[in-house]
Amino acid sequence: MARVNIGIVGGGLIGRTHTVGYHMMKTFFAAETKDVHLRMIAERDASLARETAERLAIPEWTDDWRKLVSSDQIDLVFVCVPNDMHREIALETIANGKHIFCEKPLARTAAEAKEIADAAERSGVKHGIGFNYRKAPAVQLIKRWIDEGRLGKIVGFRGSFVQDWGLDATGALSWRFRKEIAGSGSLGDLGSHVLDMSRFLVGEISQVAGLLSTHITERPIGAGGLGHKAEGGAVKMGKVDVDDICDVLLQFENGAQGSLVASRLASGKKNHFDFEVYGMKGAVFFDWERPNEVLLSTFDTPNERSGFTRVLTGGFDHPYGEALWPIQGMGIGFGETFAVQMYEMVKAIQNDGSANPNFRDGLRINMLCDAIQKSAETREWVSLG
Ligand SMILES: NC(=O)c1ccc[n+]([C@@H]2O[C@H](COP(=O)([O-])OP(=O)(O)OC[C@H]3O[C@@H](n4cnc5c(N)ncnc54)[C@H](O)[C@@H]3O)[C@@H](O)[C@H]2O)c1
C-alpha cells in the first residue's frame, strides 16, 4: 500500500478538526491506513504550531507553509486556512506535485476557484474539497434511497444552515466578516454546505435568485474566529462587507425546485443544518442536530400509518457501517465525517481514483455563490451555463 504522509496547513478550528479526523480514521480504517501518517503541521502562529505538534505527536512543525508544501516528506496537503490563502497555497502545492485537500469554499470567487481546479486537473494530482456533511452515514443512506428511486422523481429541496454567534455585535471583525478574505459571509461559509448537499442529492443547479442582507454593519477590529471578542477592549470599528443572512431560490436542471437559507443571526440556532428532499413517491428529512436519524415518508403507506418514520442509522446495513460503529444509533458526530472524508481522499490516492467531492465541485459552488451575489445585486434570476 502506497505511503501517504499528510501535512496540515492551519491549526485553527478546522485544522484541529482534521487532526481529530486523522486519529479516528486510523482507528476506524486501521488496516487500510497503516501506511498513512500525519507528518507535519504549518501554522503562522509558531507557538500554536509547536504546541499542536507536541500535544499530538506530529513529528514536524513549521510557521512557514512553503516548507510544508515543498517537503519530500509530504504527499498530501490539507489546506485549512482562511479563504484568501487557498489559491496561493493550492497552486504551489499542485506545482510541487502533491495531492491536495482544500477546505470549503475552494476560493473567494469563481475566477480564483477555476485557476485552482484547472491547475489540479492539468497536473493529475488528486484533489478533494471539505464538504464533510455529505459523509454522514444518514446522508449517504438518503443518497442511496434517491438513486434506487425509492422517493420517485425528485421535485423539491429545502435546506437551511443557520447559527446565532453573529448576533453578538461586540464580536470581533474577524476574517469571516471581511470580503477581501472570506469572499462572502453566511453564503460561502454556511450556504456553500447547503448548495453542495442539494447538488449531491438532487442534481445540478441551473438558475438562482438570491437575497442577501447585512444587519450589523460594523464591528470592533480584532482577530479571532467565530464570535471571538476583540482584544484589549478595542473600540476601533471596521466595516462588515459580507452578508449576515442569505436566502436563495434554486432551479435544478432536472426540473426540481428548491430554496435555502443561511444565517449567522438566527437566535437559538447553534449549528443548525437541516434539509428535506421531496419526491413523487416519498420524502426525507435530515437534521444535523440528530445526525443518527433520517425521517422517511413513503406516499403509498396506508393513511392510518402515513407520515414520517424515524430510521436510526449506523450498523452493518447502512453506509460505512462496517467501518464505523457496529450498532445503529451508537453515535455519529462531526469528527466521524472528517474521518471518512480523509479516508476517502487517501483511497483516491492509493487506488488512483477520484476524490468526491473534488475541485470541480468546489468550482461549481463558487460559481453558484457568485451568481447568487449577482442576483442579489440586480434583483433578477441568474442562469449558470
Ligand atoms: N468544513 C467545515 O465544516 C468548516 C468549518 C469551519 C471552517 N471551514 C473552513 O476552514 C478554513 C479555516 O477556517 P477555520 O474556522 O479553521 O479558521 P480559524 O480562524 O479558526 O483558523 C485559521 C488558522 O489559519 C492560520 N493561518 C492563517 N494564515 C496562515 C498562513 N498563511 N499560514 C499558516 N497558517 C495560517 C491562523 O493562524 C489560524 O490558526 C476556511 O476556509 C473555512 O471556510 C470549514
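For ligands, and for the atoms within them, numbers begin at 1 and follow the listed sequence.
- Ligand-side atoms of ligand 1 in range of His193: 1 (N), 2 (C), 3 (O), range being under 4.0 angstrom from any heavy atom.
- Inter-residue side-chain proximity for Cys102 and His127 is flagged as unmet; no heavy-atom pair is nearer than 4.5 Å.
- Sorted by first then second residue, the side chain to side chain donor-acceptor pair (under 3.5 Å) pairs that include residues 78-95, not counting sequence neighbours, are Arg66-Glu88, Arg66-Glu92, Arg87-Glu115.
- Residues passing the side-chain contact (heavy atoms from CB on, under 4.5 Å) test with Glu43, sequence neighbours excluded: Asp45, Leu48, Ala49.
- At a cut-off of 3.5 Å, with distance as the only test, a side-chain donor of Ser213 or His215 sits close to an acceptor on the other residue.
- Taking every heavy atom of Cys80 and a limit of under 4.0 angstrom, the matching atoms of ligand 1 come to 12 (C).
- For ligand 1, the atoms lying closer than 4.0 Å to a non-hydrogen atom of Met85 are 31 (N).
- Atoms of ligand 1 found under 4.0 Å from any heavy atom of Pro105 (numbered from 1 in listed order, with element): 43 (O).
- Around atom CE of Met280, no more than 12 heavy atoms belonging to other residues, nucleotides or ligands sit under 6.0 Å away.
- A 4.5 Å side-chain heavy-atom check between His272 and Gln163 finds every atom pair outside the cut-off.
- Nearest to atom 13 (O) of ligand 1 by heavy-atom distance, out of Phe273, Phe161, Phe338, Trp175, is Trp175.
- At a heavy-atom cutoff of 4.0 Å, ligand 1 is contacted by both the backbone and the side chain of Glu43.
- Hydrophobic clustering, with ILVMFWY side chains joined whenever heavy atoms are under 4.5 angstrom apart, keeps Leu195 apart from Val261.
- Of all the listed residues (His18, Gln341, Glu103, Lys104), Lys104 holds the heavy atom that lies closest to atom 43 (O) of ligand 1.
- For Tyr133, no nitrogen or oxygen atom sits less than 3.5 Å from a nitrogen or oxygen atom of ligand 1, counting backbone and side chain alike.
- Of all atoms in ligand 1, listed by their number and element, those nearer than 4.0 Å to a heavy atom of Phe334 are 3 (O).
- When ring centroids are compared, Trp325 and Phe28 come within the 6.0 Å threshold.
- Residue-level proximity to ligand 1 for Arg176 is carried by the side chain, the only part with a heavy atom below 4.0 angstrom.
- Residues Asp168 and Thr170 have side chains that bring a donor and an acceptor to within less than 3.5 angstrom of each other.
- Numbered from 1 in the order shown, with element, the atoms of ligand 1 that lie under 4.0 Å from a heavy atom of His86 read 41 (O).
- Which parts of ligand 1 touch Asn132 is read off a 4.0 Å heavy-atom cut-off, strictly below it: atoms 1 (N), 2 (C), 3 (O).
- For ligand 1 and Pro82, the ligand atoms under 4.0 Å from any heavy atom of the residue are 22 (C), 24 (O), 27 (C).
- At a heavy-atom cutoff of 4.0 Å, ligand 1 is contacted by no atom of Phe131, backbone or side chain.
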